[in-house]
Amino acid sequence: MTAEPAEHEGRETELLLQGVTVSYGEKVALSAVNLDVAAEAVVAVIGPSGCGKSTMLRAIAGLEPLTEGEIELGGRSLRGVPTHQRDLGLMFQEHALFPHRSVAGNVAFGLERKGRTESEIRERVGEVLELVGMDGFGSRSIEALSGGEAQRVALARALAPTPRLLMLDEPLGSLDRVLRQQLTGDLREVFARTGVTAIHVTHDQSEAFALADHVVILRAGRIEQQGSPADLWRHPTSRFVAEFLGHPNVWEVDGRHVLTPVTALQPDPNGSIVVRVDRVEFQEGRFRITGAEALLVSERVVVFDSDTAPAVGDHLRLALDKSQVYPLAD
Ligand code: ADP
Ligand code: MG
């Protein structure tokens, strides 16, 4: 849909994509993407598998040629600039840590390429290892690291040369849920402490919402919607976005889809909606109830919250606040 500028809050544009299109032969993986990223912003790019997230990062990194469009970083066109001269920190799955270098050797890599002196390198390596919570791990070998530790070292390696832009492609994808949540919090702190401009790609909307000031949703190579996490959650413009973000109660009414937020439904003995309770989950102090609308031929799924727990199989009446219900494009 529209591509309004990111929440700049008076900051300069650091990264600008204008009409960026990338094709693999016949396949258009990224189509006319416009994106404006403010300095020091953390932008999350989300969308289902195959929607073009990695292609977008690879295009910015200069690893895929543009079919059309322009990319500027820090006000300078990247046209013709090779990857290693783009001033980027990359944390991509295919850029594994160097197995034959120690932790410190990995983190030092970009600094060596920049021709820093040995003492500058030693100091900076210590600084970034401390930043990612890996103080004292410098002499460890890569094989001796856990999955979470390896990701911290990869982050330190990407950050060591103080890049203009940090790009992470599903950096937590291979980790279990608990570790992911912990590292999400740690990443957030690192972004804040360094003030780095970052693009974080993930297929997980909760990770994106926890990390980013600005979220871009890609759908089949196009930007479907972008905005702050709160904007996107409160005002998804399409069924695709509402469902991708995990909103329940996306209903079809007279052939159109509408979003009925959980808050629009209240248990009420005089209510007009009758549901049969299918599932009751205690969640953050209230009961999250999943039911099916009992009076319809096609049983519509209805999710709502209640202070009291009904039994599975009970029938309940709900009142609907129609002012909260709004239409969605497909
Ligand atoms: P995501 O990272 O969102 O999962 P990708 O950017 O990897 O998506 O891929 C976008 C689309 O481009 C997909 O349909 C994918 O199959 C296709 N694609 C990606 N890389 C190549 C390639 N090297 N050659 C041909 N098609 C590709
Ligand atoms: Mg990908």
Side-chain angles (χ1 to χ4, degrees), residues 42-58 60-61 63 83 88-113 121 124-163 165-194 196-212 215 218 229 244 246:
V42 177
V43 172
V45 177
I46 60 176
S49 179
C51 70
K53 304 180 295 296
S54 295
T55 300
M56 185 167 150
L57 295 197
R58 292 175 59 77
I60 297 167
L63 298 167
T83 301
L88 305 169
L90 305 181
M91 201 172 152
F92 289 2
Q93 274 136 5
E94 63 269 34
H95 295 184
L97 293 169
F98 308 117
H100 304 302
R101 286 180 166 230
S102 64
V103 165
N106 269 273
V107 179
F109 179 73
L111 300 165
E112 290 166 4
R113 283 182 67 159
I121 291 174
R124 180 65 182 153
V125 167
E127 219 171 78
V128 280
L129 283 179
E130 193 270 335
L131 179 71
V132 302
M134 292 290 286
D135 218 3
F137 280 70
S139 57
R140 280 271 190 109
S141 80
I142 296 306
E143 285 86 20
L145 299 176
S146 70
E149 288 165 351
Q151 292 307 74
R152 288 173 191 274
V153 174
L155 177 64
R157 181 177 67 175
L159 283 170
T162 28
L165 177 69
L166 177 67
M167 296 201 289
L168 309 96
D169 194 352
E170 312 218 22
L172 311 179
S174 61
L175 307 174
D176 66 52
R177 196 175 56 85
V178 175
L179 198 52
R180 246 159 95 149
Q181 279 173 353
Q182 191 195 337
L183 276 173
T184 300
D186 292 350
L187 265 178
R188 193 189 167 89
E189 201 185 313
V190 168
F191 292 159
R193 274 178 67 186
T194 55
V196 69
T197 308
I199 304 189
H200 182 101
V201 159
T202 172
H203 59 266
D204 178 346
Q205 64 84 14
S206 63
E207 186 182 308
F209 278 20
L211 276 172
V215 177
L218 276 184
F244 187 76

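In what follows, residues are counted from 1 in the order of the sequence shown. Keep in mind that this is a model prediction, so the values were computed, not measured.
- In this structure a side-chain-to-backbone donor-acceptor pair under 3.5 Å is missing from Glu207 to Thr184.
- Counting only distance, with no hydrogens or angles, the side chain of Arg157 and the backbone of Phe109 share no donor-acceptor pair below 3.5 Å.
- How far OG1 of Thr194 is from CD of Glu189: 10.5 Å, rounded to the nearest 0.5 Å.
- In this structure, Leu165 and Pro163 have side chains that are not in contact, with every pair of non-hydrogen atoms separated by 4.5 Å or more.
- Checking each of Leu88, Val45, Asp169 against Leu57 for a side-chain contact (heavy atoms from CB on, under 4.5 Å) leaves exactly one that passes, namely Asp169.
- Residues Leu90 and His95 approach most closely at CD1-CE1, 3.8 Å, considering heavy atoms.
- Evaluated for a side-chain contact (heavy atoms from CB on, under 4.5 Å) with Val107, the options Val132, Val128, Leu159 yield exactly one hit, Val128.
- Across every non-hydrogen atom of Val43 and Ala212, the tightest pair is C-CB, 4.1 Å.
- Between Phe244 and Pro48, the shortest heavy-atom contact is CE1-N, 3.7 Å.
- The backbone N or O of Glu170 sits less than 3.5 Å from a side-chain atom of Gln93, completing a donor-acceptor pair.
- Here Ile46 contributes atom CD1 and Ser206 contributes atom OG; the two are 9.5 Å apart, rounded to the nearest 0.5 Å.
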_Does Leu155 form a side-chain contact (heavy atoms from CB on, under 4.5 Å) with Leu183? I'd like the steps, not just the answer._
CA-CA 11 Å; Leu155 177 64; Leu183 276 173; over 6 Å; no

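- Remark: side-chain polar atoms of Lys53 are paired, donor with acceptor, to backbone N or O of Gly47 under 3.5 angstrom.
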*Is there a side-chain contact (heavy atoms from CB on, under 4.5 Å) between Leu187 and Leu172 once you walk through the steps?*
CA-CA 10 Å; Leu187 265 178; Leu172 311 179; 4.3 Å; yes

*Working for side-chain contact (heavy atoms from CB on, under 4.5 Å), residues Phe98 and Ile142*: CA-CA 8 Å; Phe98 308 117; Ile142 296 306; over 6 Å; no

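- Using a 4.5 Å heavy-atom threshold, the side chains of Asp204 and Arg180 count as touching.
- Looking at Glu127 and Arg193, no side-chain N of the basic residue comes within less than 4.0 Å of a carboxylate O on the acidic one, giving no salt bridge.
- At least one donor-acceptor pair under 3.5 Å links the side chain of Arg124 to the backbone N or O of Ala160.
- Relative to the six-membered ring of Phe137, Arg152 misses at least one condition, a distance below 6.0 Å or an angle of at most 45° to the axis.
- The minimum heavy-atom distance linking Pro171 with Met91 is given by the pair CB-CE, 3.7 Å.
- Taking every heavy atom of both residues into account, Ala44 and Ala208 meet most closely at CB-CB, 3.6 Å.
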_Please evaluate residues Glu149 and Val103 with respect to the criterion side-chain contact (heavy atoms from CB on, under 4.5 Å), reporting the C-alpha separation (whole Å), side-chain torsions for both, the decisive distance (0.1 Å), and the verdict._
CA-CA 10 Å; Glu149 288 165 351; Val103 165; over 6 Å; no

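- Scanning all heavy atoms of the two residues, the minimum distance from Gly147 to Leu175 falls at C-CD2, 3.7 Å.
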